[in-house]
Amino acid sequence: MEIQIATAGNKGEKVRSDCFVFIELTSAAGIRIELESKVKALYGPAITSLCHEVLACFDIKNALVKIEDKGALDFVIAARLEAAIKQLVHTDKAFLTPLLPENEQPTSKEKFRTSRLFIPGNTPGLMINAGAHQPDAIILDLEDAVAPAKKEEARFLVRNTLRSLAFMGAERMVRINQLPMGLNDLDHIIPHHVNMVMLPKCESAEQVHQVNERIRQVQKAHGHEHPVWLMPIIESAMGVIKTFEIATAADNVAAIAIGLEDYTADIGVTRTKEGNESFYARSQLVNACKAAGIQAIDSIFSDVADLEALRENALRSRAMGFDGMGCIHPRQIKVVHECFAPQEHEVETALTIIKAFDEAVEKGHAVFAIGNKMIDAPVVKRARRVIELAGRMGKINL
């Protein structure tokens with residue numbers, strides 16, 4: 001006997017900006033929608049109309065739908081209802097919420113990724129205002145932050161979020177599940193202008209190739225191509241050994257991150273705030289990334305209450321050569337930005353190099369000296385990067 005009842009979403013006193021959907025397919029009686037919401041008087045008709053649109057998209061003519069609304073936006077309600085429907089109906093159809101024009105914008109390989117804010121992929125209440133905290137990137141997490149039973153419905157929510165939520169200038173990232181499950185995640189996110197895919201527990205170039213092949217297949221099927229950058233995450237001893245192989249596996253590998261919770265578990269030690277136990281792995285990753293010409297991204301700092309320890313960790317991270325680190329709470333973003341911002345003497349040196357370079361160009365010289373130090377194109381490029389970062393963080397006016 002086929003299942004006729006399904007649910008999706010979250011409910012409870014602490015739930016916000018979300019809803020819980022119950023649907024029962026019936027043999028007759030048409031569509032009946034029962035809505036429980038504090039904003040029913042204002043938005044009840046609009047919510048009901050949206051539900052009818054979603055049901056019609058999947059050719060459902062007889063059903064009972066119950067919705068417990070906790071202030072969910074349209075793209076959330078649509079995702080929850082579609083997730084419930086697809087437990088009952090096998091179809092390739094999709095109900096796509098409107099695509100914001102700004103969410104079509106690609107990002108560059110060299111984009112600053114000083115901070116990345118992780119958001120659980122099944123928790124819309126944390127997604128809504130994430131961009132207001134001004135992280136460089138927002139990571140919609142389909143992996144560790146989503147319970148196994150909720151992963152399928154989270155895919156619909158993340159897909160709609162990529163289309164319909166304003167990210168306020170932040171890069172749009174998704175951390176997929178560990179392969180092979182993560183390949184199915186790509187089907188839901190690649191057509192909807194994700195900027196970067198994070199590949200967890202990466203241990204080989206072959207995994208990068210598998211992801212890129214699936215990306216090509218999905219883009220070909222949808223007749224639309226756009227740049228999709230990759231950020232593999234190193235989380236094991238084997239991954240550390242293979243970091244340079246992974247870094248050079250494909251041109252769209254823009255950065256590599258290290259995940260220290262899993263790494264320390266893999267080598268059988270306890271992670272500490274000082275990080276001595278992971279110094280070798282982090283140094284290896286930085287060196288591999290710099291050799292490959294891509295960004296090195298440090299792990300998250302898990303104690304969200306200890307901002308002073310975060311500051312010490314971030315300063316050590318920058319001193320090691322990392323270009324940024326992950327954040328799991330908005331309050332961490334400001335501290336990370338302050339620690340990775342160029343210091344005054346670095347800005348002064350960079351300005352001196354650029355001024356000397358401009359004078360050398362006027363004289364037709366490709367190489368020049370400042371004091372006893374020879375300056376060439378790579379040094380000038382780094383100086384421009386310092387000035388750009390300083391300007392972005394308000395250290396100087398460009």
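Here the structure is a predicted model, which means the values were calculated and not measured.
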Item to complete: Determine, step by step, whether T243 and Q284 satisfy the side-chain hydrogen bond (donor to acceptor under 3.5 Å, both in side chains) criterion, reporting the C-alpha distance in whole Å, the side-chain angles of both residues, the deciding distance to 0.1 Å, and the verdict.
Response: CA-CA 8 Å; T243 302; Q284 284 282 85; over 6 Å; no
Worksheet item: Can you find a heavy atom in the side chain of C327 that is under 4.5 Å from one in the side chain of R116?
Response: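 Sidechains of R116 and C327: no contact.
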Under a 3.5 Å distance rule, please check whether [X] uses its side chain to pair with a backbone N or O of [Y] as donor and acceptor.
| X | Y | value |
| --- | --- | --- |
| R16 | G125 | yes |
| K111 | D136 | yes |
| K242 | A237 | no |
| N122 | N10 | no |
| N103 | V194 | no |

Worksheet entry | Sidechain N-carboxylate O distance under 4.0 Å for K93, D59 |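 Judged by the 4.0 Å cut-off on N to carboxylate O distance, K93 and D59 do form a salt bridge.
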Worksheet entry | Sidechain N-carboxylate O distance under 4.0 Å for K86, E152 |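 Answer for the salt bridge query: no.
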Practice prompt. Answer yes or no on whether K66 is positioned over the face of F22, meaning its NZ or CZ is under 6.0 Å from the six-membered ring centre and within 45° of the axis.
Written response: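 Yes, cation above the ring, under 6.0 Å and within 45°.
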Worksheet entry | Pairing residues for F156 by the ring pair (Phe, Tyr, Trp, His ring centres under 6.0 Å) criterion, not counting sequence neighbours |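 For F156, the residues satisfying ring pair (Phe, Tyr, Trp, His ring centres under 6.0 Å) (neighbours in sequence not counted) are H188.
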Fill in: Ring centers of H193, H224 separated by less than 6.0 Å
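Ring-ring flag for H193/H224: true, centres closer than 6.0 Å.
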Practice prompt. I would like to know whether E143 and K151 meet salt bridge (charged side-chain N to carboxylate O under 4.0 Å, His left out); could you show each step before the answer?
Written response: CA-CA 8 Å; E143 196 212 11; K151 287 187 182 293; over 6 Å; no
Worksheet entry | Distance-only side-chain donor-acceptor flag, T272 / E277, under 3.5 Å |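 A pair is found: one side chain offers a donor N or O, the other an acceptor, under 3.5 Å apart.
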